[in-house]
Amino acid sequence: MALSEFEQRALAALDENGLIETFRTLLRHRSITGHEAGAQRWLSEQMRALGLEVDLWEIDVEELRKHPAFPGMEVDRSGRAALGLVGSWQGGEGKRLVFNGHLDVVPEGDHANWSHDPWGAELEDGNIYGRGACDMKGGLIAALYAIKAIKDAGVPLAGSLLIQSVIGEEDGGLGTFATLLRGHRGDAAIICEPTGLDLVPANAGALTFTVRVPGKSAHACVRLEGVSAVEKYLDIHRALIELERERNSNVTHPLLGKLNLPYPLSIGRVQAGNWSSSVPEELIFEGRIGVAMGESAQQVREQFERTLHTLAEADPWLKDHPLEISWTGGQFESGEIPHDHPLVQLCGQCVQEISGRAPEVKGEPYGSDLRLLINIGNMPALLVGPGDVVCAHMPDERVPVSELIQAARIYILAALRYLQG
Ligand SMILES: [Zn+2]
């Protein structure tokens, strides 16, 4: 498809240096989940400077928690401001396109594992390094500069563009949830998560659980007098591996079915005992279980609980000393639009024209804000953005500058074509 005059003008107006420098400044903000207020305030100033209409507000977390669809939260936010931020540019009366990106990041971990300063935004060999470089401050700023380019080019806008900068994505989706409830919605949304510029219209979900396994302590020298919570856990672990196998045995979804393990069940933490020569009287384990496409979070919780109850019923100790199961932390439902939806086709065309490569259309096993935009925002949405998700949450997280620029160019085309179509 040949570029229209407006498209050419907007692409030519992209301020590449401004994009890179603004992105690097944002990377230096340590906006770890729960500590995003400073970065949100700073970004709101950038949005104002670009002439966007800005809504920066304090999210009432306690009020939202009471909502039946609250997406969960792991960090303690007491005593710190939780801020929502949306920049918008209203042109004509036409359609509204949303760009969504989170600016919270996970902790950087041990600095010794990094060869670059995690908060230094260092540029080397065409990559910019830092926690949040790929997941996903790069995509967020690329979208902001796509809007700026269209503005700077003086191209008339048939509808409206919104950019949602959200917090609390990494531990459930508080920010996007709050943004949608505040009424910031559109007719379609592009989430700028790192996909290597492929298209992701389907995400599995993920639920976080904590289980307490009771035991009975005794001196290790008479261990038969006690009941080891560790030994009880070994049976439970085997049952959970079997549950995972069962849940992944016959996946027919056109995108998720291609993955080796679409819906992982993984135990992330196990803690037991308080003394080497005592039989452990308690074990606590935490983990996450995938939510299949088309399956509700409630169905998964029930199946998980049923599996543990069945096991406990057959165990003389656990029968009388019940397991305590709680659903803690992020509760990500799955979400999707059809893989041949017009939004997928439009974005695919834009990626092809800008990068010269036909993007893959993929389903991913991780949860994201996709399901909130689709299920609560009632708009079609997909993920497309710069960076390789494999380096997200890792030491030496990075994004290639070339992909950052390509992403901004893709967003420019997608915005103009979506609003004109
Ligand atoms: Zn992310």
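Indexing begins at 1, ligand by ligand and atom by atom, following the structure's order. Just so it is clear, the model here is predicted, and its values are computed rather than measured. Computation of the quantities below employed the complete heavy-atom set of this structure, encompassing side-chain atoms and omitting hydrogens, waters and symmetry-equivalent molecules. Each residue takes its place number in the sequence, starting with 1.
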Pairs where residues 250-272 contributes a residue and the test side chain to side chain donor-acceptor pair (under 3.5 Å) is met, not counting sequence neighbours | His253-Glu336
Between His111 and Trp119, is the ring centre distance below 6.0 Å?
-> no
Tell me, please, which residues at least two apart from Ser44 pass side-chain contact (heavy atoms from CB on, under 4.5 Å).
-> Arg48, Val54, Leu56, Leu85
A correct count of protein N/O/S atoms found below 2.8 Å of the Zn ion (ligand 1) gives 4
Should the pair Asp369-Arg371 be classified as a salt bridge under the 4.0 Å nitrogen-to-oxygen rule?
-> yes
Face-on cation placement of Lys95 at Tyr418 ring, 6.0 Å and 45° thresholds = yes
Listed partners of His67 passing ring-ring contact (aromatic ring centres under 6.0 Å, His included), at least two apart = Phe177
